[in-house]
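As the structure is a prediction and not an experimental result, all values here were calculated from the model.
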Amino acid sequence: MNWAYFPRSAKPTDLALEVVAAFRAHHSGIDSAAHTSNSNAVLAVVAESLNQLGFTVESGKKKAEKIYVPVLYGNNGKVAKAFEADAFHQREGFVIEVEAGRATINNQFLKDLFQACMMDGVDYLCIAVRNLYVAAGIRNPDFERVVTFLETLYASNRMSLPLKGILIIGY
């Protein structure tokens with residue numbers, strides 16, 4: 001298992017380290033070198049550990065089982081737009097997204113980053129991706145690609161993100 005925290009100049013929060021420990025505790029069941037689980041299956045494996053840390057975790061595909069984080073508010077303070085998250089720790093403003101095959105091939109990690117930046121009250125984002133994704137015989141080092149992207153983003157200093165920290169986990 002691998003992990004990286006951004007910005008590189010910031011110490012990972014205690015909650016970020018606990019999220020790493022939750023994934024590490026279940027690594028044998030989600031290791032992308034040994035398993036081809038989809039993102040929902042990976043989330044299901046770590047869900048109870050995340051619940052114990054205070055996260056609300058998506059439990060299914062029905063509307064009532066999903067986690068919605070507000071983005072915009074309309075008249076009378078009613079939520080006008082919300083994005084889905086795989087897990088959300090409201091008190092800490094920490095969102096988790098678990099990706100599998102689409103993480104880098106379809107740039108899903110960029111959508112996750114954008115949506116977390118738009119979410120009200122979100123300060124921290126964790127994106128869990130495969131260390132290695134193999135499709136059509138092509139080996140895609142998803143963890144390395146996401147980390148390289150974020151290193152470039154922060155090093156270029158051309159864009160400021162509203163997030164205090166981003167945790168990338170490679171499983």
Side-chain angles (χ1 to χ4, degrees), residues 1-13 15-51 53 55 57-61 66-67 69 83-89 94-119 122 124-159 161 163-171:
M1 198 183 102
N2 294 302
W3 64 275
Y5 190 80
F6 295 90
R8 294 291 199 179
S9 60
K11 180 182 174 187
T13 65
L15 185 56
L17 294 174
E18 290 172 330
V19 169
V20 169
F23 275 83
R24 182 171 283 129
H26 298 285
H27 190 249
S28 65
I30 61 173
D31 182 359
S32 59
H35 303 281
T36 58
S37 304
N38 66 29
S39 60
N40 291 333
V42 172
L43 181 62
V45 169
V46 299
E48 183 55 35
S49 294
L50 296 176
N51 280 325
L53 295 175
F55 284 88
V57 181
E58 176 183 284
S59 60
K61 290 298 164 191
K66 293 183 173 280
I67 308 303
V69 183
F83 288 138
E84 296 176 17
D86 288 334
F88 182 45
H89 195 294
F94 199 119
V95 166
I96 298 175
E97 293 292 344
V98 178
E99 303 302 342
R102 302 182 315 151
T104 62
I105 289 178
N106 288 349
N107 294 311
Q108 184 66 33
F109 80 97
L110 289 175
K111 182 181 177 197
D112 295 339
L113 175 61
F114 171 80
Q115 288 185 343
C117 289
M118 299 300 111
M119 292 174 177
V122 171
Y124 300 94
L125 169 65
C126 170
I127 306 173
V129 300
R130 293 173 184 245
N131 278 316
L132 182 67
Y133 174 60
V134 180
I138 299 172
R139 300 168 60 85
N140 298 295
D142 284 1
F143 174 79
E144 289 177 24
R145 286 183 177 173
V146 174
V147 168
T148 298
F149 181 90
L150 287 171
E151 285 174 339
T152 303
L153 177 75
Y154 279 98
S156 74
N157 205 27
R158 304 234 339 140
M159 178 193 264
L161 298 177
L163 302 172
K164 294 178 183 176
I166 301 172
L167 172 64
I168 307 299
I169 293 178
Y171 62 87

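- To the nearest 0.5 angstrom, Gln115 atom CD is 11.5 Å from Leu110 atom CG.
- Here the side chains of Phe83 and Val69 are not in contact, with every heavy-atom distance at 4.5 Å or above.
- For the pair Phe109/Leu125, no side-chain contact is recorded, criterion being any heavy-atom separation below 4.5 Å from C-beta on.
- Annotation: Arg8, atom CZ; neighbour count of heavy atoms from other residues, nucleotides and ligands within 6.0 Å is above 12.
- The aromatic rings of Tyr154 and Phe6 sit parallel to each other, their planes meeting at less than 30°, with 60° as the upper class boundary.
- Judged purely by atom type and a 3.5 angstrom limit, Asn131 has no side-chain atom pairing as donor or acceptor with the backbone of Phe143.
- A side-chain donor from one of Asp142 and Thr104 sits under 3.5 Å from a side-chain acceptor of the other.
- Distance check: Ile166 CD1 to Cys126 SG gives 10.5 Å after rounding to the nearest 0.5 Å.
- Checked by atom type and distance alone, the side chain of Arg130 pairs as donor or acceptor with a backbone atom of Ser37 at under 3.5 Å.
- At most 12 heavy atoms of other shown residues, nucleotides or ligands fall within 6.0 angstrom of atom CD in Glu144.
- Heavy-atom minimum distance, Leu113 versus Leu161: CD1-CD1, 4.1 Å.
- Residues that satisfy the salt bridge (Lys or Arg N to Asp or Glu O under 4.0 Å) test with Lys11, not counting sequence neighbours, are absent from this structure.
- Looking at every heavy atom in both residues, Gly165 comes nearest to Pro7 through CA-CD, 4.4 Å.
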Item to check | Worked verdict on His26 versus Tyr171 for side chain to side chain contact (heavy atoms under 4.5 Å, CB included) | outcome: CA-CA 10 Å; His26 298 285; Tyr171 62 87; over 6 Å; no
Item to check | Steps toward side chain to side chain contact (heavy atoms under 4.5 Å, CB included) verdict (His35, Ile30) | outcome: CA-CA 6 Å; His35 303 281; Ile30 61 173; 5.6 Å; no
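- Atom NZ of Lys164 is surrounded by 12 or fewer heavy atoms from other residues, nucleotides or ligands within 6.0 Å.
- Within the model, atoms CD of Glu99 and OH of Tyr133 stand 12.0 Å from one another, a figure rounded to the nearest 0.5 Å.
- Residue Arg102 qualifies as open at atom CZ: its count of foreign heavy atoms under 6.0 Å is 12 or below.
- Of all non-hydrogen atoms in Ser49 and Ala22, the two that sit nearest each other are CB-CB, 3.8 Å.
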Item to check | Audit row: Phe149, Asn107, side chain to side chain contact (heavy atoms under 4.5 Å, CB included) steps and yes/no | outcome: CA-CA 11 Å; Phe149 181 90; Asn107 294 311; over 6 Å; no
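- Remark: Ser32 OG to His27 NE2 distance equals 6.5 Å, nearest 0.5 Å.
- Across all non-hydrogen atoms, the minimal contact from Asp112 to Glu97 is OD2-CB, 3.6 Å.
- When each of Val46, Leu50, Ile169, Ile127 is checked for a side-chain contact (heavy atoms from CB on, under 4.5 Å) with Ile96, only Leu50 meets the rule.
- Classification of the Phe94-Tyr124 ring pair by plane angle, with boundaries at 30° and 60°, yields parallel.
- Contact check for Val129 versus Gln108: no side-chain heavy atoms found under the 4.5 Å cut-off.
- Scanning both residues, Val19 and Leu53, for their nearest heavy atoms gives N-CD1, 4.0 Å.
- Across all non-hydrogen atoms, the minimal contact from Ala85 to Met119 is CB-CE, 4.4 Å.
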